Amino acid sequence: MEVALLLVVLLLGVVSGHPSCYSNDGDSSLKVFHISSPCSPFRPKTPLSWAETVLQMQADDHTRLAYLSSLVAGRSFVPIGSGRQLIQSPTYIVRAKIGTPPQTLLMALDTSADIAMVPCAGCLGCTSAPFAFAKSTTFKPIDCAAAQCKQVQNTNCLGTTCLMNMTYGASSIAANLGQDNITLATDSVAGYSFGCIQKAVGSSLPAQGVLGLGRGPLSLISQSKTLYKSIFSYCLPSFKSPNFAGTLRLGPNGQPKNMKYTPLLANPRRPSRYYVKLIGIKVGPKLVNIPPTAFALNPSNGAGTIIDSGTVFTRLVTPAYTAVRDEFRRRMGRNAVVSSLGGFDTCYTVPINKQVPTMTFLFDGAELSMKQENFLIYSSAGGVTCLAMSASPSLNVIANMQQQNHRIVFDLANSRIGISAETCS
């Protein structure tokens, strides 16, 4: 039950005998079930304790941070649920349909990935192989001479078929490059290029694949530029939300009219990441004293600040994190006893709600104002509360817990990101 309080998962209503699992979704409203509900095929057989769950999430985040640090180089409303399987990075998933006739997959959103990756029938090492490409009349392998094959790193040819090798977190992936129709909500993108995974080693790959929302040429946003005008947004629900309310909005329609934007920055060595200019952090009303070098963009080593949907807990480079942590501890009072839990070094075993300040990330032109639930993680029994951030060696990552209950607009056409508070839990 403890892990159930933290997690929400978007799942198909056809996996259980429970009557509500068979009810139909609306055009733009998909049902959500708990990971431990009778409808969930992912429900854990043996739930972890709260502490074990937090430690597992931290370990997955550590792997993702290493992955992010090492990488070089308006119309539809799609509901989002929080879907953390115990064998993969915590993440958010949407329902997508691929092929003709359509096959439904629960794909993880990833703003730091470009090309979609889908476990295909016959995949070795995949935890599931949901896409039977041979049964789709519109599936086509991509030829080695095609432009898409040249837009993916580490490709080679088998006959005329384009093959790709890549890493995702701690997983190594071998895939054939293919094309098929993909449908999100009521919109269809014909000839969508993706990696049809044939072999996977490691446990970081989400069971039913990844939907890449990065800035690269083979991301969903780039491939649907005519349809969605290079703009999308999401509002991520809380891990603890008992009901699903998050949405992925594709295209300019329905995006907030009045919101503040911060410019997107370009990093030529990591062109797919969403880099922004973080200029300061407030704990309560106080602007914390952090050296500007902690936030500076450095294309040579990837330093700077990115917004990422796949990391759970925000990471700040050591000088920034230490300053924020120390000011937070000061606000808690001298007599508050600090303990640790895994990678979290600021935890309390006594109630601290009254002393907790707000926290605000200040960007060039916009800000992310956070309530307690965005930066504190509580045990389900209420006995332990931790500051849900930690230090990073070189990269600041604004993670999904800190983004929850905010509308984040990615406006690639105007090279900017918008941020505004929105209740979606």
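All values reported here derive from a predicted model rather than from experimental measurement. Residue indices begin at 1 and follow the sequence shown.
Residues that satisfy the side chain to side chain donor-acceptor pair (under 3.5 Å) test with Thr346, not counting sequence neighbours, are Arg329. Shown here are the side chain to side chain contact (heavy atoms under 4.5 Å, CB included) partners of Ala413, two or more places apart in sequence or in another chain: Ser230, Asp411. Arg330 is linked by a salt bridge (charged side-chain N to carboxylate O under 4.0 Å, His left out) to Glu327, counting only residues two or more places apart in sequence or in another chain. Checked against side chain to side chain donor-acceptor pair (under 3.5 Å), Gln402 has the following partners two or more places apart in sequence or in another chain: Thr314. Listed by chain and number, the residues in a side chain to side chain contact (heavy atoms under 4.5 Å, CB included) with Leu218 are Ile115, Gln148, Gln151, Val152, Ser193, Gln223 (sequence neighbours excluded). In terms of the side chain to side chain contact (heavy atoms under 4.5 Å, CB included) criterion, residue partners of Thr293 (sequence neighbours excluded) are, by chain and number, Pro291. For Tyr274, the ring-ring contact (aromatic ring centres under 6.0 Å, His included) partners at least two apart in sequence or on another chain are Phe410. Applying the side chain to side chain donor-acceptor pair (under 3.5 Å) criterion to Asn298, with sequence neighbours excluded, gives Ser300. Residues passing the side chain to side chain contact (heavy atoms under 4.5 Å, CB included) test with Ala266, sequence neighbours excluded: none. With sequence neighbours excluded, the residues forming a side chain to side chain donor-acceptor pair (under 3.5 Å) with Asp345 are Tyr321, Arg325, listed by chain and number.
The salt bridge (Lys or Arg N to Asp or Glu O under 4.0 Å) analysis of residues 389-409, with sequence neighbours excluded, yields the pairs Arg407-Glu422. The salt bridge (Lys or Arg N to Asp or Glu O under 4.0 Å) pairs that include a residue from residues 288-307 number zero, where partners must be two or more places apart or lie in different chains.
Under the 2.5 Å cut-off for SG-SG separation, Cys123 and Cys126 qualify: their sulfur atoms lie closer than that.
Between Phe194 and Tyr192, the ring planes lie parallel to each other; the angle is under 30°, not in the 30° to 60° tilted range.
At least one side-chain heavy atom of Leu213 sits under 4.5 Å from a side-chain heavy atom of Phe232.
Among all heavy-atom pairs drawn from Leu227 and Ser188, the shortest one is CD2-O, 4.3 Å.
At least one donor-acceptor pair closer than 3.5 Å links the side chain of Arg249 to the backbone N or O of Gly254. Asp114 places a side-chain N or O within donor-acceptor distance of the main-chain N or O of Gly216, the cut-off being under 3.5 Å. His406 places a side-chain N or O within donor-acceptor distance of the main-chain N or O of Ser369, the cut-off being under 3.5 Å.
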